[in-house]
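Each chain gets a letter, A, B and so on, in the order the sequences are listed, and its residues count up from 1.
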Amino acid sequence: MTLDFLGTLQRTHTCGEPRSPQAGQAMTLMGWVNRRRDHGNLIFLDLRDRTGITQIVLDKEISPEAHAKAEVARPEYVVAATGVLRRRDEGLANPNMPTGEVELVAHTLLLLNDARTPPFSPAEEAIANEEVRLKYRYLDLRRAEMQQNFAIRSRVAIAIRNYLVSQGFLEIETPFMTRSTPEGARDYLVPSRVHPGHFYALPQSPQIFKQILMVSGFDRYFQIARCFRDEDLRADRQPEFTQIDLEISFPQMATIFAVVEGFLRAAFSAAGVELGAEPFLRMTYDQAIQRYGIDKPDMRLPAMVDLSAELTAELRTTLKIDPALPVLGFTIPSVGELSGTARKALLGEIRSGFGDCGLDMLDVSRLRTNPSLTPLAEAIEARLSAEMHRFNGSAHGTEDLAVVITPKPGTPTMWNYDPQWIYKRVGGLRLELARKFADRHKLFQQTRSAADFKFLWVTDFPMYEWNEETKSWDAAHHPFTSPHEEDIQSGALVNDKGAVRALAYDVVLNGTELGSGSIRIHRKDVQQEIFRSLGMSDEEAKERFGFFLDALEYGTPPHGGIALGLDRIVMILAGAASLREVIAFPKTAKAIDLMVDAPTTVSDQQLRELSLRVTARS
RNA sequence: GGGGACGUAGCUCAGUUGGUUAGAGCGCUGCCCUGUCACGGCAGAGGUCGCGGGUUCGAGCCCCGUCGUCCCCGCCA
């Protein structure tokens with residue numbers, strides 16, 4: 001087969017464009033052969049580009065040459081078809097295609113390139129396994145679904161840029177090759193050739209640079225920034241990812257919230273979802289833990305209810321419940337009536353899921369079989385009903401699954417240092433059961449209306465976290481986060497670290513953390529105080545962050561900011577289950593790029609230039 | 001580092017209690033077909049059952065190990 005040269009031929013329309021009003025026009029379409037239907041002397045080619053598909057007709061009587069080319073054309077060949085657009089006759093139109101009322105009758109067909117038989121067809125709805133998709137990523141990306149995902153991604157990014165620029169932000173790039181700060185996630189390192197034994201690090205975030213840009217007077221900075229973290233992957237975690245990173249001088253928290261809500265509205269609008277003007281809900285960290293058992297509550301479900309007040313000391317003794325610890329209940333709506341065996345199986349599953357951690361499930365319906373416990377059952381139902389009513393205006397009914405978790409007498413030792421443990425554990429069960437019954441309650445379905453997207457600000461995170469292993473206090477956020485001013489004035493910074501609240505906040509969507517930010521420390525004395533409180537000596541602080549402490553001394557304005565994961569936003573908007581669906585060339589769970597086959601070993605020559613030696617290969 | 005699921009034709013998958021020559025659909029190749037659009041018809045090719053070892057008269061199936069992909073825990077200030 002001989003391929004044709006393009007010559008001076010130009011594409012006049014895209015494959016998604018042709019419509020019946022253009023019938024009679026001469027046009028040239030170029031694209032990939034999506035499907036070929038050969039009827040002997042009549043051949044149909046579906047020609048595809050990223051805008052859509054148009055049917056090309058090759059009639060031997062009209063053009064034997066073009067027809068002959070179509071006979072050898074195969075799926076994924078790249079062709080150019082020139083001819084006249086024709087309105088299809090009655091009964092020949094295809095109502096399932098946007099271009100289905102017309103077809104291009106070709107008098108010339110150029111075979112611009114051939115293609116090997118692909119391992120899977122980009123035309124098929126059914127998807128090959130992910131290993132094959134990632135190896136042949138260029139074919140996978142041809143699929144309409146992936147083309148749509150990246151169209152959304154591009155539109156979202158541009159909408160955010162436009163919005164932030166309209167609000168007076170400057171986009172400024174910060175370095176990829178920077179300094180390793182051995183705190184937090186592991187760094188990806190880049191060896192220096194010029195300085196043997198010295199390494200750059202790829203940024204985990206532009207954190208320190210953007211704060212220094214505030215010192216530099218840039219006032220409002222943003223960047224759609226690539227970040228790198230050498231940690232194990234998850235469906236929603238890739239080693240390199242993109243953040244919408246911003247920082248503002250002279251802000252209140254509300255200033256930052258308004259900017260973020262503004263650009264998220266713009267981003268969602270760009271993806272066809274109008275969010276409405278009301279501000280996002282807000283909740284403190286303590287409320288989130290107590291009501292949802294997690295710092296990123298999924299508001300698409302009712303909250304947990306603290307039933308402790310209903311359980312008197314007497315009832316606790318009867319039911320073998322710890323006298324002091326909280327009793328928590330929650331409802332999974334619209335699960336449907338469970339049969340006796342199904343209920344028993346679920347109970348067994350939940351109990352075995354707790355292992356030996358001292359929790360048990362109270363079967364509320366069985367309480368009613370004992371007259372002396374009926375009032376308790378009714379009280380519990382009433383409390384759960386009240387939460388259901390707050391949630392969606394309905395009452396708790398028999399269609400809903402009521403779960404009440406009780407701590408057994410005797411406190412497991414792990415609770416001694418984490419009083420929130422029981423809340424977190426029950427909150428985890430709430431999500432687990434909600435996922436299990438997602439098909440029944442349908443609260444996780446996306447209809448692309450604003451109601452499907454439950455945004456939330458979580459505020460007042462604790463400043464410090466007790467590290468049981470090292471018996472010391474760690475920074476819960478990062479050490480540049482400012483505590484509440486009154487917690488500095490009260491002396492809690494020194495006397496009561498566990499009570500110090502940070503001016504830190506997360507923006508949460510449907511149980512996913514979209515972004516995290518804080519008001520920063522702008523005074524050197526406070527910054528030094530925080531470093532000391534973390535057990536870092538002044539010398540050590542100077543060694544690690546000296547350049548930053550220096551910068552703080554030259555007139556640093558109050559400032560704060562936030563960073564949101566662009567990939568996660570697009571993932572949710574695309575209805576995708578994994579970041580790999582919205583990152584063009586992602587890594588596998590073992591951080592491998594299957595298409596280019598990275599990482600690889602390098603030559604001894606390269607290692608010598610970098611003064612490196614590999615001591616162990618496993 | 002730990003737990004779980006999966007791995008059979010290019011792709012998606014079936015394969016009974018361990019028993020003759022490992023199957024299906026799609027795709028692919030050839031031939032036929034002027035109104036299909038998941039075109040149709042006829043014929044055909046295509047397999048190291050992920051890899052290595054073991055048990056057995058006999059292994060796709062059982063056992064051990066190993067590799068790969070996915071999900072989760074740890075980790076991700």
Side-chain angles (χ1 to χ4, degrees), chain A residues 34-48 53-62 67 71-72 74-76 86 88-97 99-101 103 105 115-136 139-140 181-187 204-205 207-208 227-239 241 355 428 431-432 435 461-465 467 469 473-481 502 504 513 516 518 530-531 534 536 544-545 565 577-578 580 586-592 594:
Chain A
N34 199 56
R35 283 203 171 83
R36 189 179 72 114
R37 292 177 294 279
D38 185 347
H39 291 241
N41 290 327
L42 188 70
I43 298 174
F44 299 99
L45 294 182
D46 288 343
L47 196 61
R48 182 194 73 231
I53 293 174
T54 292
Q55 174 165 283
I56 314 293
V57 184
L58 289 303
D59 189 328
K60 202 169 190 175
E61 285 181 7
I62 292 172
H67 178 271
E71 280 191 313
V72 298
R74 290 292 179 275
E76 303 311 314
R86 176 166 74 190
R88 300 200 202 174
D89 287 340
E90 195 72 22
L92 298 183
N94 183 346
N96 301 320
M97 288 170 73
T99 63
E101 287 189 356
E103 60 195 4
V105 182
R116 290 169 62 182
T117 301
F120 61 92
S121 166
E124 296 287 334
E125 297 276 325
I127 282 185
N129 77 56
E130 230 177 317
E131 213 172 331
V132 180
R133 289 177 60 201
L134 289 175
K135 180 165 180 194
Y136 299 94
L139 296 177
D140 188 41
T181 50
E183 233 175 316
R186 278 182 276 264
D187 288 323
Q204 297 175 27
S205 96
Q207 184 61 34
I208 290 180
C227 304
F228 306 86
R229 291 178 191 174
D230 186 6
E231 296 295 340
D232 287 346
L233 287 77
R234 290 284 187 283
D236 61 354
R237 265 163 41 189
Q238 282 274 314
F241 56 101
L431 290 178
E432 200 180 305
R435 273 192 284 268
F461 279 78
M463 185 76 187
Y464 300 97
E465 221 161 51
N467 186 328
E469 272 177 40
W473 291 95
D474 292 346
H477 201 54
H478 56 59
F480 315 113
T481 299
E513 179 195 318
S516 192
S518 64
I530 296 295
F531 281 146
L534 291 168
M536 207 186 295
R544 280 156 91 166
F545 301 109
S578 149
R580 294 183 300 277
K587 310 277 190 291
T588 69
K590 290 238 173 89
I592 286 170
L594 289 176

Contact pattern, 5' to 3', of nucleotides 36-45 of chain B - B, S or - by protein heavy atom under 4.0 Å: BBSB------

Residue list, side chain to side chain donor-acceptor pair (under 3.5 Å) with A/Tyr136, at least two apart or on another chain: none

Watson-Crick or G-U counterpart of B/rG47, or none if no pair lies under 3.5 Å: none

Student check: side-chain heavy atoms of A/Phe44 and A/His39 closer than 4.5 Å: yes

Distance, rounded to the nearest Å, where A/Glu61 contributes CD and B/rG35 contributes C1': 13 Å

Rounded distance in Å between the C1' positions of B/rU21 and B/rG2: 45 Å

Residues which pass salt bridge (charged side-chain N to carboxylate O under 4.0 Å, His left out) with A/Asp38, listed by chain and number, not counting sequence neighbours: A/Arg36

NZ/NE/NH1/NH2 to OD/OE distance under 4.0 Å, A/Arg580 and A/Glu130: yes

Touch class at under 4.0 angstrom, heavy-atom based, for A/Asp474 against every strand present: nothing

Complementary nucleotide for B/rA59 - Watson-Crick or wobble, under 3.5 Å: none

Residues forming a side chain to side chain contact (heavy atoms under 4.5 Å, CB included) with A/Thr588, sequence neighbours excluded: A/Leu134, A/Lys590, A/Ile592, A/Leu594

C1'-based separation of B/rG53 from B/rG1 [nearest Å]: 27 Å

Test side chain to side chain donor-acceptor pair (under 3.5 Å) applied to A/Gln238 - qualifying residues, sequence neighbours left out: none

Whole-angstrom distance between B/rC75 and B/rC13, as gauged at atom P: 34 Å

Who pairs with B/rC70 - Watson-Crick or G-U, where each distance is under 3.5 Å: B/rG4

Residues forming a salt bridge (charged side-chain N to carboxylate O under 4.0 Å, His left out) with A/Arg229, sequence neighbours excluded: none

Under the ring pair (Phe, Tyr, Trp, His ring centres under 6.0 Å) test, residues paired with A/Phe241 that sit two or more places apart: none

Separation of the C1' atoms in B/rC72 and B/rA14, to the nearest angstrom: 29 Å

Residue pair A/Asn41 / A/Glu61, side-chain donor-acceptor N/O under 3.5 Å: no

Nucleotide-resolved protein contact map, nucleotides 69-74 of chain B, B/S/- at heavy-atom distance under 4.0 Å: SSSSBB

Atom-to-atom span, NZ of A/Lys60 to P of B/rC33 - whole angstrom: 8 Å

d(CG, A/Leu45; P, B/rG35) in whole Å: 17 Å

Complement of B/rG40, any strand, by Watson-Crick or G-U distances under 3.5 angstrom: B/rC32

Counterpart base for B/rG23, defined by Watson-Crick or G-U wobble contacts under 3.5 Å: B/rC13

Sugar-phosphate only, base, or nothing, as touched by A/Gln204 at under 4.0 Å among non-hydrogen atoms: nothing

Nearest-Å distance once atom C1' is located in both B/rC57 and B/rG50: 28 Å

Side chain to side chain donor-acceptor pair (under 3.5 Å) partners of A/Glu465, counting only residues at least two apart: none

Partners passing salt bridge (charged side-chain N to carboxylate O under 4.0 Å, His left out) against A/Arg234 (at least two apart in sequence or in another chain): none

Sugar-phosphate only, base, or nothing, as touched by A/Arg48 at under 4.0 Å among non-hydrogen atoms: nothing

B/rG23 to B/rU29 separation - P atoms, rounded to the nearest Å: 24 Å

Listed pairs, N/O of protein and of nucleotides 6-10 of chain B, under 3.5 Å:
residue	atom	partner	partner atom	Å
B/rG10	O2'	A/Pro119	O	2.8

Same-atom distance (P) from B/rG15 to B/rA9, integer angstrom: 15 Å

A/Arg88 side-chain N/O to A/Gly100 backbone N/O, donor-acceptor pair under 3.5 Å: yes

Sugar-phosphate only, base, or nothing, as touched by A/Asp230 at under 4.0 Å among non-hydrogen atoms: nothing

Same-atom distance (C1') from B/rC11 to B/rU34, integer angstrom: 32 Å

Listed partners of A/Lys587 passing salt bridge (charged side-chain N to carboxylate O under 4.0 Å, His left out), at least two apart: A/Glu240

